[in-house]
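FYI, side chains are in, hydrogens and waters are out, and symmetry mates aren't considered; it's all heavy atoms of this structure. Chain letters run A, B, ... following the sequence lines, proteins first, then strands; residues in each count from 1.
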Amino acid sequence: MRAARLFFTEKLLDWNLEMNNRSMPWKGEKDPYRIWLSEIILQQTRVEQGWPYYERFIANYPTVSDLAAANEEEVFRLWQGLGYYARCKNMLAAAREIQQTYHGQFPNTHDQIKALKGIGPYTAAAIASFAFNLPHAVLDGNVFRVLSRFFGIDTPIDSTAGKKEFAELAQELLPKDNAATYNQALMDFGAVVCKPQRPECSSCPLQKKCVAYHQQLISLLPVKTKKLQIKKRYFNYIIASWKDKVYIRKRTADDIWQNLHEFVLIESKEAADSTQLLSGTDFKELFGTTVYEITRISKQFKQQLTHQTIHSQFINIELAQPTDIPGYQLTPTDTLDNLAFPKTITTFLQSKTGLLL
DNA sequence: AAATCGGGGCA
DNA sequence: TGCCCAGATTT
């Protein structure tokens with residue numbers, strides 16, 4: 001076992017020196033703010049997807065102080081489309097915490113970093129090692145996969161026992177004086193060679209001692225136990241306008257898309273016919289007896305999220321006069337550009353049937 | 001310990 | 001479709 005561990009670390013570092021051509025804007029970065037920003041953006045997000053967002057955030061907020069001073073709505077707008085919006089909220093809170101508590105100087109100990117909003121075990125280890133070369137092993141999806149395959153560990157990675165086991169192994173494997181390079185190399189290796197599907201085993205420098213390779217377990221490792229239930233939901237959006245204004249609200253409920261905006265929402269248990277929707281009690285509760293004219297009815301839009309499938313339909317109506325709709329605000333249409341909306345709404349708005357553009 | 005939180009690429 | 005992605009937080 002000890003021999004296998006030494007082999008693992010040595011071959012990995014060799015691979016990094018000789019064969020690793022992976023290039024990313026934040027690689028080798030030493031500014032903790034930039035490292036932090038990249039790590040938050042990349043949580044559960046592919047590098048190619050996060051890359052342009054990173055560039056935009058750095059351009060708009062070059063320092064943590066700039067981000068701390070930023071307008072929240074503006075930051076959400078910049079984050080729009082990236083998903084997992086709690087990351088954005090927590091990121092802003094952390095920036096303000098760093099500004100206030102640490103006077104804009106990014107904290108440089110693992111415990112201080114870990115205590116910031118939105119920073120868990122992985123991100124704390126990543127910042128601590130990349131920015132300060134502190135000896136903390138990162139444990140992300142790549143590391144779980146590489147270690148489970150090479151050492152042939154079938155403990156489920158989404159179990160408490162699995163997280164503990166892999167974390168301890170990762171920490172033991174870490175060369176304490178070379179944490180930054182090693183951590184980066186391990187994740188690159190997982191992304192480039194030991195990929196989830198079709199890993200490059202034939203050219204893998206670790207193949208000789210890889211348990212999964214020799215026992216035909218590549219496609220079986222790592223093991224995950226939890227399977228998720230996907231719910232179907234039906235969102236009927238009433239785009240109610242009066243002159244050059246439209247009713248919108250910011251989502252605050254304990255639900256998806258917190259802090260993003262939307263039109264008047266009537267959710268139904270199944271796909272609703274537009275005419276019966278407009279004559280239903282939900283609509284009447286919102287609009288009362290207000291006189292309106294239907295100007296457009298969209299097709300059904302579908303969006304697949306991790307735990308639910310959202311079917312959305314958009315119905316444009318023009319009101320004869322403004323009315324009070326609890327929770328919603330009559331907002332000038334030309335200011336919607338400054339607000340963040342869920343992907344399904346921006347997709348609708350940019351389609352031919354849209355209200356804008 | 002389990003459930004949730006987005007959006008996109010790929011087989 | 002199902003799986004995965006530089007995970008964290010809440011329940």
Side-chain angles (χ1 to χ4, degrees), chain A residues 22 24-27 29 35-54 76 79-91 93-94 114-130 136-146 156-164 166-167 170 180 183-192 194-199 219-231 233 251 253-260 301-310 340-347:
Chain A
R22 201 177 188 210
M24 298 169 292
W26 48 84
K27 196 165 164 180
E29 178 63 59
I35 293 167
W36 166 64
L37 187 57
S38 73
E39 296 301 343
I40 299 300
I41 288 174
L42 291 174
Q43 285 169 5
Q44 289 294 287
T45 304
R46 289 170 301 104
V47 167
E48 301 73 36
Q49 188 185 357
W51 191 317
Y53 283 85
Y54 172 80
F76 267 92
W79 192 277
Q80 174 178 281
L82 194 55
Y84 283 166
Y85 297 92
R87 289 184 292 171
C88 184
K89 182 94 174 172
N90 288 332
M91 178 182 73
K114 173 82 169 58
L116 295 168
K117 295 274 191 196
I119 296 184
Y122 164 77
T123 305
I127 298 172
S129 64
F130 294 151
H136 296 270
V138 293
L139 187 53
D140 74 331
N142 291 304
V143 180
F144 273 119
R145 186 173 56 255
V146 173
I157 62 173
D158 54 358
S159 66
T160 304
K163 284 172 192 161
K164 184 166 183 286
F166 281 96
N183 277 338
Q184 183 65 58
L186 183 49
M187 290 193 288
D188 285 346
F189 180 79
V192 174
C194 199
K195 300 176 292 185
Q197 282 92 24
R198 298 189 187 193
S219 63
L220 300 178
L221 294 175
V223 173
K224 275 192 185 178
T225 56
K226 303 183 179 69
K227 41 197 157 205
L228 42 94
Q229 303 258 339
I230 300 179
K231 302 175 212 159
R233 298 176 71 180
R251 289 177 64 87
D254 188 16
D255 199 355
I256 59 172
W257 299 334
Q258 273 187 60
N259 297 295
L260 272 61
F301 287 77
K302 190 173 101 169
Q303 188 184 15
Q304 186 62 53
L305 306 183
T306 303
H307 284 79
Q308 41 191 297
T309 306
I310 310 289
F341 289 85
K343 183 69 176 178
T344 195
I345 291 183
T346 59
T347 298

Over all strands shown, is [X] touching base, sugar-phosphate only, or nothing at heavy-atom distances under 4.0 angstrom?
X	answer
A:Gly81	sugar-phosphate
A:Gln229	nothing
A:Ser159	nothing

*Taking atom types as modelled, is there a side-chain donor on A:Gln258 or A:Arg251 under 3.5 Å from an acceptor on the other?*
no
*asked:* Is a donor from one side chain sitting under 3.5 angstrom from an acceptor on the other, for A:Glu39 and A:Tyr122?
replied: yes
*Would you say A:Phe130 and A:Glu29 make side-chain contact, with heavy atoms under 4.5 Å?*
no
*Beyond-backbone contact of A:Val47 with A:Trp51, side-chain heavy atoms, under 4.5 angstrom*: yes
Whole-Å distance separating the [atom1] atom of [X] from the [atom2] atom of [N]:
X	N	atom1	atom2	result
A:Asp158	B:dT4	CG	C1'	14 Å
A:Arg233	B:dT4	CZ	P	11 Å
A:Lys226	C:dA8	NZ	C1'	14 Å
A:Ile127	C:dG7	CD1	C1'	13 Å
A:Asn183	C:dG7	CG	C1'	16 Å

*Pairs satisfying salt bridge (Lys or Arg N to Asp or Glu O under 4.0 Å), at least one member in residues 80-91 of chain A, at least two apart*: A:Glu72-A:Lys89
_Within 6.0 angstrom of A:Lys27 NZ, more than 12 heavy atoms from elsewhere_ = yes
Tabulated below should be each protein N or O lying under 3.5 Å from an N or O of nucleotides 9-11 of chain C; please produce it.
unit_1 : atom_1 : unit_2   : atom_2 : d
C:dT9  : OP1    : A:Gly118 : N      : 2.4

*asked:* Can you check the distance between C:dA6 and B:dT4, where both ends of the measurement are the P atom (answer in whole Å)?
replied: 25 Å
_Distance check, P atoms only: B:dG6 and C:dT11, in whole angstrom units._
15 Å
*Let me have a per-nucleotide readout for nucleotides 1-6 of chain C, 5' to 3', with B, S or -, counting only protein heavy atoms under 4.0 Å.*
S--SBB
_Gap separating the CG atom of A:Leu139 from the CZ atom of A:Phe166, nearest 0.5 angstrom_ = 8.5 Å
*Where the side chain of A:Gln303 meets the backbone of A:Ile310, is there a donor-acceptor pair that is under 3.5 Å apart?*
no
